[in-house]
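Notes to accompany the following structure.
Chain letters run A, B, ... following the sequence lines, proteins first, then strands; residues in each count from 1.
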Amino acid sequence: MIASSLFLKIIVTLGLVITIAAPVLLIIMWIKDWKKGQLW
Amino acid sequence: MNNVNSTVLDANTGWIILTIFSVIWIFLGWFWGRKAKQLDDFMLAGRNVGMALGTATAMATWVTSNTTLVAPQFALQLGIWGMLGYSLGCIGLILFAPLVKRIRSLVPHGYTSGDFIRLRYGVWTWRLFLLISMCYAIGWLISMGMAGGVLIHALTGIDYQYGMTVILVICVTYTLLGGLRAVIGTDFIQTILILLGVIILAVLTISEIGFEKMHQDVLAERPELLNLLMPAAIMFLFNNLLFGIGEIFHSNVWWSRAFAFREGVGSKAYLLAGIIWAPIPIVAGFIALSVSSLGLNVPAADMVGPMVSAKLLGFTGAVIVFIVVFSSLASSLDSLLAATSDLILQDIYRGHINPDASDEQLRRIAKMIIVLLGGITWLVCLPRIATLGSLLQYLGAFVASTIWPIAAGLYLKKANATGAFLAMLLGTLSGIWAFFGIGFYVAALVSAIVSMSIVLLSIWLVPDDFAWERLNEVKETRS
């Protein structure tokens, strides 16, 4: 059973979208925690 | 891998990057650690870590040099299942999320995973658990130290001994200066660096080559990499899954964070870290499938990631890979140093040698242990014994045996000390037997199955009636 190029495209694109969102989300959370004085 | 001719950067550039990051990490370690006056501040970052730093540290610690370099290697050797199977390592983080909540409510003043095992199952099971835990922690430290030297040499040509020494000295120094606070703070920056590096390389691979061409070329030259029913890859998938769960469930690296995170943060942070971590092996790994399109001749499979990056981005690509690999190594090594020193301090020094030690004494001893651990790791790594590098695979048999005793111990009153002890002992022994008798890819699987059977059987035959309040003993002994 051979994976199609569409399958490859879907898994990599989905992975890339999450990976791009991750640093954005982390920085937003950092700013939020920092404003509330809750970094640590 | 040892071939200097395959380096993607020159040694001078390597030294410049190493120096810049050494100064940054050590300064931050000192800066964040200067206010840590209490033992809780040093060991557990004041038990008040928020969501952003909590998520980043869980994610960064799980991104080792393996994730960023071995993911492309697996994609090159095992194809699509190689990277998909690797990404299942996220299940360990996701399954640990509900456990964190339970751990915080049952042992709110705990310090280590050993605290829980001692109070839940008694002294002998605790000692066996410590043995397993220490074998794993030392094995991981050695394999990370060796990986540091080997990777720095492979990427820049800097001598193995120098590279290994530099990465160990940097991590020991900033962990010593700032404790867990320094580890968690630097983990946040390292997470951002790793993610940005992986994104740049993936986007460039897609824009330069494209999915269609990549797929066509792989189909023409190595169609087996696109086979979704490759048996070896499917076996690897299950073993990797159980190894990952065992590593996270038992290791103090993850338990110390459960105690360090602010109330209500732990389970959400672990869940989010698992979700963010899952695509990393795919995004970092798929670039290896462009080897055919780029016409690259890869001398060693584990150099495929750096080679593709250097081919696509030239000098900049090589620098990005070096920073990503360096950040991955540091984020795991520092966590391991801090968590292992906590385990030795709390469970061996305080638990067995000096139960009445004051906080001040413990803080001093904690620092000595970090230096000692770094020194021992350095000495063992120095001769570069090749077999030690693969030590970690062998430890799958050890860690998988702890999954069921820990999970059952946290949720089932009927789970008992005899069952937990035998499950860890016989699970580990059967896993070792499977490792040598069948292959590395079944060691964790066999160990987990044997351990599960013993835990369930013991619950049925000799059920305990454990009183959860007994887990509060840590608080009572400290107040």
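- The most heavy-atom pairs under 4.5 Å with chain A, out of Met51(B), Arg181(B), Glu212(B), come from Arg181(B).
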(request) Show your reasoning for whether side chain to side chain contact (heavy atoms under 4.5 Å, CB included) applies to Leu25(A) and Leu272(B). (result) CA-CA 10 Å; Leu25(A) 185 67; Leu272(B) 189 57; 3.9 Å; yes

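- By number of non-hydrogen pairs under 4.5 angstrom with chain A, the leading residue of Gln216(B), Met214(B), Met59(B), Arg262(B) is Arg262(B).
- Residues satisfying the side-chain hydrogen bond (donor to acceptor under 3.5 Å, both in side chains) test with Lys213(B), not counting sequence neighbours, are Asp217(B).
- Sequence neighbours left out, not one pair with a member in residues 28-40 of chain A passes side chain to side chain donor-acceptor pair (under 3.5 Å).
- Using a 4.5 Å cut-off on side-chain heavy atoms (C-beta onward), Phe211(B) and Leu6(A) make no contact.
- For the atom pair NZ (Lys268(B)) and CE (Met29(A)), the distance works out to 10.5 Å, reported to the nearest 0.5 Å.
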(message) Working note: Phe286(B) + Ile11(A), criterion side chain to side chain contact (heavy atoms under 4.5 Å, CB included); need CA distance, chi angles, decisive distance, verdict.
(response) CA-CA 10 Å; Phe286(B) 93 99; Ile11(A) 58 164; over 6 Å; no

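- Of all the heavy atoms in Ile199(B) and Pro23(A), the pair that sits closest is CD1-CG, 4.2 Å.
- Residues that satisfy the ring pair (Phe, Tyr, Trp, His ring centres under 6.0 Å) test with Phe7(A), not counting sequence neighbours, are absent from this structure.
- Only the side chain of Met83(B) comes within less than 4.5 Å of a heavy atom of chain A; its backbone N, CA, C and O stay farther away.
- The shortest distance between side-chain heavy atoms of Leu26(A) and Leu195(B) falls below 4.5 Å.
- Counting heavy atoms from C-beta outward, Leu219(B) and Ile2(A) have side chains that approach closer than 4.5 Å.
- Contact of Phe188(B) with chain A is made through the side chain alone, with heavy-atom distances under 4.5 Å.
- Taking each heavy atom of His215(B) and Ala3(A) in turn, the nearest pair found is NE2-O, 2.7 Å.
- Each of Leu8(A), Val12(A), Ile28(A) has some count of heavy-atom pairs under 4.5 Å with chain B, and the biggest count is that of Val12(A).
- Listed by sequence position, Leu289(B) are the residues of residues 287-294 of chain B in contact with chain A, using a 4.5 angstrom heavy-atom cutoff.
- Within 6.0 Å of CD in Gln38(B) there are 12 or fewer heavy atoms belonging to other residues, nucleotides or ligands.
- Ile194(B) does not touch chain A: none of its heavy atoms, backbone or side chain, sits under 4.5 Å away.
- For Thr191(B), the part sitting under 4.5 Å from any heavy atom of chain A is the side chain, from C-beta outward, and nothing else.
- The candidate with the highest count of non-hydrogen atom pairs below 4.5 Å against chain B, out of Ile20(A), Leu39(A), Val17(A), Leu14(A), is Leu39(A).
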(message) Run Ile282(B) and Leu16(A) through side chain to side chain contact (heavy atoms under 4.5 Å, CB included) and show every step you take.
(response) CA-CA 9 Å; Ile282(B) 298 171; Leu16(A) 196 53; over 6 Å; no

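- The shortest side-chain heavy-atom distance between Leu226(B) and Ser4(A) does not fall under the 4.5 Å cut-off.
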